[in-house]
Amino acid sequence: MGDWPRREHFPRAIRAAILRRDRVCRICGGRPATIADHRTPVAEGGAHTLANGQGVCEPCHDAKTAGEIRRGYKRWSLERRPRLRRNPEAHPGRLEL
């Protein structure tokens, strides 16, 4: 899958600041935050900033990532889907009766 962007991570200092700020998961609020996650994914225009970061637990990160992957597949397939011609010409081998 060479068309997929490579995975990007926060710089270490920003990751550490996110996890210091967010001690518990910002999604469920019940488990300790162990992963620095992009609120808006880099593939969707998000940046590697403290404002775009959130601390999340692994189960919430896995669920969020699954949704991002589904959106990515949809976006990928729409970008590569052949365009339909608005006024298609008759096929030259077809006989019109």
Side-chain angles (χ1 to χ4, degrees):
M1 293 202 189
D3 292 346
W4 292 98
R6 70 178 183 78
R7 189 175 173 137
E8 296 193 35
H9 302 279
F10 284 104
R12 288 181 189 203
I14 294 177
R15 179 186 182 280
I18 291 168
L19 294 177
R20 264 194 316 273
R21 180 191 68 194
D22 302 336
R23 302 275 183 192
V24 297
C25 178
R26 295 292 285 276
I27 296 173
C28 72
R31 289 182 287 268
T34 57
I35 299 172
D37 178 57
H38 291 88
R39 287 182 184 172
T40 302
V42 174
E44 295 177 12
H48 300 300
T49 61
L50 188 59
N52 188 40
Q54 62 182 351
V56 297
C57 65
E58 191 170 351
C60 289
H61 181 262
D62 291 348
K64 181 176 179 279
T65 301
E68 292 166 356
I69 290 170
R70 281 192 302 274
R71 285 195 312 271
Y73 278 134
K74 185 176 182 181
R75 192 171 49 250
W76 185 82
S77 67
L78 288 174
E79 289 170 359
R80 286 157 182 78
R81 185 174 294 155
R83 305 268 186 240
L84 297 176
R85 292 182 290 173
R86 296 234 181 252
N87 297 316
E89 299 171 12
H91 190 277
R94 183 173 177 206
L95 296 176
E96 297 291 329
L97 300 178

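These values consider heavy atoms only, across backbone and side chains, with no hydrogens, waters or symmetry-generated copies.
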More than 12 heavy atoms of other groups within 6.0 Å of Glu68 CD: yes
4.5 Å side-chain heavy-atom contact, Arg26 and Cys60: no
Leu50 side chain near Ile18 side chain, heavy-atom distance below 4.5 Å: yes
Euclidean distance, Leu19 CG relative to Asp37 CG, rounded to 0.5 Å: 10.5 Å
With Cys25, the side-chain contact (heavy atoms from CB on, under 4.5 Å) member among Pro59, Cys57, Pro32: Cys57
Point-to-point distance, once rounded to the nearest 0.5 Å, from CD of Glu58 to CG of Asp62: 5.0 Å
Exercise: identify the closest heavy-atom pair between Arg39 and Ala51: NH1-O, 3.6 Å
For Ile14 against His48, the heavy-atom pair lying closest together: CD1-O, 3.2 Å
Pairwise side-chain contact, Val56 with Lys64, heavy-atom cut-off 4.5 Å (strictly under): no
Side-chain (Arg21) to main-chain (Gly53) donor-acceptor, under 3.5 angstrom: yes
Parallel, tilted or perpendicular, as decided by the 30° and 60° cut-offs, for the rings of His38 and Phe10: parallel
Separation between CD1 of Ile27 and CD of Gln54, rounded to the nearest 0.5 Å: 5.0 Å
